[in-house]
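What you are looking at is a predicted structure, and each value in this text was computed from that prediction instead of being measured. Position 1 is the first residue of the sequence; numbering continues from there. Side chains are part of it too, since the values below use all heavy atoms of this structure and drop only hydrogens, waters and symmetry mates.
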Amino acid sequence: MKLITVAGPPSSGKTSVILRTIEPMIARGFTIGVVKFDCLTSEDHHRYNEAGISVKKGLAGGLCPDHFFIANIDQALQWGKKSGFDLLVIESAGLCNRCSPHIREVLAVCVIDQLSGVHTPRKIGPMLKSADVVVLTKGDIVSQAEREVFAFRVRQVNARAAVLPVNGLTGQGNLLLQKHFQNAPTTSSLENYKLRFTMPAALCSYCLGETRIGQDCQIGNVKTMDFS
């Protein structure tokens, strides 16, 4: 079975891109499943169900989405194998732009909204810098010059990735993304696999439920600024 991770900032069009890409593949005979990871709530699983696509939803709640992702990714893979899928797409929750959900030897896709501004690629961490494919959405709303500048800024951050403009509403441009999905390496187990980059680090009193403010309440992994 082929495993694919799809990450990106909130509302960048991840679900729409996935749907527009896998629907033609399903029509050609592929069996495809999706696991949707999110934080507090998500209605995206209804969109997959309406399209007749098998989907599982997981909500991280008060946990870091990356930690929730890595704690459940192996079980997700086993569910996909048990279901007999040819391809399993993992849609991650991208929030702080420091997320690191990509796995070595597993096709990594990052979806970015071109409306977010030309400086955005420099603000996004490992989920863009370590991706194999970068999908640019909502390009129909910005000018040609803005599209070119945005793509250039993406290549400055990740020069080795394939940069593909895709319209999440019409599916225009998804043919190349389909080919990347089809050519993804086969993954039978994630044992001994590693993340491409470390996850956001935090283990402090606030992680454990502290709500009071003040230095006396701050223990563990704490980072402070110099205001002198």
Separation between CD of Glu105 and CG of Asn192, rounded to the nearest 0.5 Å: 10.5 Å
Side-chain donor or acceptor of Ser12 paired with backbone N/O of Gly8 under 3.5 Å: no
Value rounded to 0.5 Å, distance of CG in Leu87 from CE in Met25: 5.0 Å
Matching residue for Glu91 among Arg47, Lys36, Lys56 - test: salt bridge (charged side-chain N to carboxylate O under 4.0 Å, His left out): Lys36
Rounded distance (nearest 0.5 Å) linking atom CG of Asn158 with atom SG of Cys110: 9.0 Å
Any donor-acceptor pair under 3.5 Å from Ser83 side chain to Phe85 backbone: no
Side-chain (Asn167) to main-chain (Gln172) donor-acceptor, under 3.5 angstrom: no
Main-chain N/O of Ala184 paired to Lys2 side chain as donor or acceptor, under 3.5 Å: yes
Residue pair Val55, Asn49: steps toward the side chain to side chain contact (heavy atoms under 4.5 Å, CB included) verdict: CA-CA 7 Å; Val55 60; Asn49 283 326; 3.4 Å; yes
Close side-chain approach of Lys14 to Asp44, heavy-atom, < 4.5 Å: no
Polar side-chain atom of Tyr206 near backbone of Arg212 as donor-acceptor pair, under 3.5 Å: yes
Distance, nearest 0.5 Å, that separates CD1 of Ile26 from CD1 of Ile32: 4.5 Å
Common cluster, Val118/Val111, ILVMFWY with side-chain heavy-atom separation under 4.5 Å: no
Pairwise side-chain contact, Phe37 with Pro101, heavy-atom cut-off 4.5 Å (strictly under): no
Heavy-atom neighbours of Gln215 CD exceed 12 at 6.0 Å: no
Nearest-0.5 Å distance that lies between atom OG1 in Thr15 and atom OH in Tyr48: 4.0 Å
Shortest non-hydrogen separation from Arg160 to Ala131 and the atoms involved: NH2-O, 3.6 Å
Closest approach of Val163 to Ala151 (non-hydrogen atoms, all atoms of both residues): CG1-CB, 4.5 Å
Test side chain to side chain contact (heavy atoms under 4.5 Å, CB included) applied to Arg28 and Gln178, step by step: CA-CA 12 Å; Arg28 295 201 304 272; Gln178 288 182 49; 2.9 Å; yes
Arg196 bridged to Asp132 by N-O distance under 4.0 Å: yes
Any residue meeting side-chain hydrogen bond (donor to acceptor under 3.5 Å, both in side chains) with Gln156, in chain and number order, not counting sequence neighbours: none
Non-hydrogen atoms of Pro126 and Phe197 that approach each other most closely: CG-CD2, 3.4 Å
More than 12 heavy atoms of other groups within 6.0 Å of Ile213 CD1: no
Connected via hydrophobic side-chain network under 4.5 Å: Val109 and Leu128: no
Greater than 12 external heavy atoms within 6.0 Å of Gln182's CD: yes
Main-chain N/O of Ser188 paired with Lys81 side-chain donor or acceptor, under 3.5 Å: yes
Any Asp113 side-chain heavy atom under 4.5 Å of Pro9 side chain: no
CD on Gln218 to OG1 on Thr224, rounded to 0.5 Å: 8.0 Å
Cluster overlap Leu3 with Ile22, hydrophobic side-chain contacts below 4.5 Å: no
Step-by-step side chain to side chain contact (heavy atoms under 4.5 Å, CB included) determination, Asn97 to Met127: CA-CA 7 Å; Asn97 289 339; Met127 68 179 176; 3.5 Å; yes
Test applied, side-chain contact (heavy atoms from CB on, under 4.5 Å); reference residue, Arg20; option that passes from Val166, Leu177, Asn174: Asn174
Ser16 side chain to Leu169 backbone, donor-acceptor under 3.5 Å: no
N/O donor-acceptor pair under 3.5 Å between Arg147 side chain and Val142 backbone: yes
Thr137 side chain vs Ile112 backbone, donor-acceptor pair below 3.5 Å: yes
Asp86 (side chain) donor-acceptor with Thr31 (main chain) under 3.5 angstrom: yes
Nearest non-hydrogen partners of Lys129 and Ile124, listed with the distance: CE-O, 3.6 Å
Residues Met199, His67; criterion side chain to side chain contact (heavy atoms under 4.5 Å, CB included); working and verdict: CA-CA 8 Å; Met199 289 186 286; His67 288 254; 4.0 Å; yes
